[in-house]
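Sequence lines set the chain letters: A, B, ... in the order given, protein chains first and strands last, and positions in each chain run from 1.
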There are 2 protein chains.
Amino acid sequence: MLKITRKVEYALISLRHLQQKEKGQLSSAKEIADAYLIPQELLAKILQHLSREKIIEAVKGPAGGYKITTDPNTINMTKFFELMEGPMGIMDCSLDTSCDQLNACNIRTPINRINDSIRTMFDKMTLADITY
Amino acid sequence: MLKITRKVEYALISLRHLQQKEKGQLSSAKEIADAYLIPQELLAKILQHLSREKIIEAVKGPAGGYKITTDPNTINMTKFFELMEGPMGIMDCSLDTSCDQLNACNIRTPINRINDSIRTMFDKMTLADITY
DNA sequence: TTATTTACGACTATTTTAGTCGTATATAAA
DNA sequence: TTTATATACGACTAAAATAGTCGTAAATAA
Ligand code: SF4
Ligand code: SF4
């Protein structure tokens with residue numbers, strides 16, 4: 001209930017790690033996995049995802065790795081979550097995925113209000129609030 | 001990611017339904033299940049849970065059912081969620097359940113801040129904010 | 001006595017999340 | 001040119017959380 005995923009946590013840990021490096025220095029998936037006891041293959045996929053999304057940049061080959069290329073101040077947290085995990089909403093009716101109760105539902109409005117509050121909260125945050 | 005459970009939604013739907021009844025009137029599990037297309041057996045368990053927690057009161061036998069006994073203004077939403085689903089936290093380290101990253105974790109502080117924000121938000125709400 | 005309703009726990013099914021594996025490609029260095 | 005190291009990617013499996021079902025008991029109004 002109301003949990004964030006490991007995928008997101010591992011992404012945040014990695015970004016903070018990269019943040020703290022000297023400009024231009026690279027970190028490999030292995031380096032990060034070892035430092036934080038994260039399964040290496042799993043982390044690799046997450047870093048690849050961040051790379052596809054242009055948040056970090058990959059350098060192949062030996063002595064390769066990743067570096068951060070986007071200013072964390074410019075990355076909105078709602079967007080970041082949705083980049084990693086897809087549409088965010090505390091219940092199903094918030095978007096396409098409907099639910100059996102939809103027509104009769106008597107709590108949709110208040111539940112939506114709560115949903116908006118959470119989104120607003122993350123909308124007001126950037127990645128920098130976490131990685132600094 | 002950041003979802004509330006059906007169990008909680010069904011509980012809220014039921015409470016709002018009971019709220020709207022005349023004082024003293026009962027609603028059975030079947031009545032509510034039918035009205036909102038909720039699986040009856042599942043809903044029954046949820047109502048029993050609410051009853052054990054003294055939020056509603058059960059009357060057995062034919063023409064029995066449930067009525068609301070607690071003023072929704074007095075039920076804090078954080079407590080309500082934890083009553084239904086157990087300890088609430090966006091990540092594992094928020095309480096007893098630890099995690100492999102704990103020692104090395106570089107995002108624990110900011111993640112905890114976010115967690116607190118969400119708790120605070122629900123702490124400021126009561127059941128009445130949803131059921132009215 | 002019967003029909004209706006709550007009570008409760010064990011069980012199963014489904015979905016989501018987490019993690020693994022195999023294989024390909026790029027590239028620096030020996 | 002070979003080798004070792006690293007990213008890229010998708011298919012697969014495992015584990016955990018969530019959702020829903022079933023059987024059986026007990027209360028009670030009619
Ligand atoms: S709030 Fe109501 S309509 Fe929306 S997902 Fe929940 S039950 Fe369905
Ligand atoms: S914030 Fe860090 S210590 Fe807490 S659960 Fe996440 S990874 Fe573990």
Euclidean distance, atom [atom1] of residue [X] to atom [atom2] of [N] [Å, nearest integer]:
{"X": "B:D100", "N": "C:dA18", "atom1": "CG", "atom2": "P", "value": "13 Å"}
{"X": "B:K3", "N": "C:dT16", "atom1": "NZ", "atom2": "P", "value": "8 Å"}
{"X": "A:M1", "N": "C:dT17", "atom1": "CE", "atom2": "C1'", "value": "18 Å"}

*By nearest nucleotide on DNA chain D, pick out whichever of B:E85 and B:A63 is the more 5' one.*
B:E85
*In residues 36-59 of chain B, what residues come within less than 4.0 Å of DNA chain D, judged by heavy atoms?*
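Within residues 36-59 of chain B, the residues near DNA chain D are B:P39, B:E41, B:L42, B:K45.
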*Check each residue of residues 4-16 of chain B for a non-hydrogen atom within less than 4.0 Å of any atom in DNA chain D, then write out the ones that pass by number, or none.*
B:T5, B:R6, B:K7, B:Y10
_Other residues, nucleotides and ligands only: do more than 12 of their heavy atoms fall within 6.0 Å of NZ on B:K7?_
yes
_A:Q19 versus A:T131, side-chain donor and acceptor atoms under 3.5 Å_ =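 Present: a donor and an acceptor within the cut-off.
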*Is there a side-chain contact between A:M1 and B:I4, using heavy atoms and a 4.5 Å cut-off?*
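Heavy-atom side-chain distance check passes, below 4.5 Å.
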*Would you indicate whether the side-chain heavy atoms of A:K79 and A:E53 approach each other to under 4.5 Å?*
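Not in contact.
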_For chain A and DNA chain D, what are the first and last nucleotides along the strand, 5' to 3', with at least one atom under 4.0 angstrom from a heavy atom of the protein chain?_
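Nucleotide range with atoms under 4.0 Å of chain A: D:dA4 to D:dT18.
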*Could you walk me through whether B:T5 and B:M84 pass the side chain to side chain contact (heavy atoms under 4.5 Å, CB included) check?*
CA-CA 10 Å; B:T5 61; B:M84 299 306 289; over 6 Å; no
*asked:* Please determine whether side chain to side chain contact (heavy atoms under 4.5 Å, CB included) holds for the pair A:M77 and A:M88, giving the CA-CA distance in whole Å, both sets of side-chain angles, and the decisive distance to 0.1 Å.
replied: CA-CA 11 Å; A:M77 278 312 286; A:M88 186 180 97; over 6 Å; no
_For a side chain to side chain contact (heavy atoms under 4.5 Å, CB included) check, start with the C-alpha distance between B:K67 and B:I56, then their side-chain angles and the critical distance, and finish with the verdict._
CA-CA 6 Å; B:K67 63 183 167 208; B:I56 62 179; over 6 Å; no
_Short N-O contact, A:R6 and A:E9, less than 4.0 angstrom_ = yes
*Rounded to the nearest 0.5 Å, how far does CG of B:L18 lie from OG1 of B:T70?*
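Separation between the atoms: 11.0 Å.
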*Consider only side-chain heavy atoms of I, L, V, M, F, W and Y, link residues closer than 4.5 Å, and tell whether A:L50 and A:L26 are in one cluster.*
no
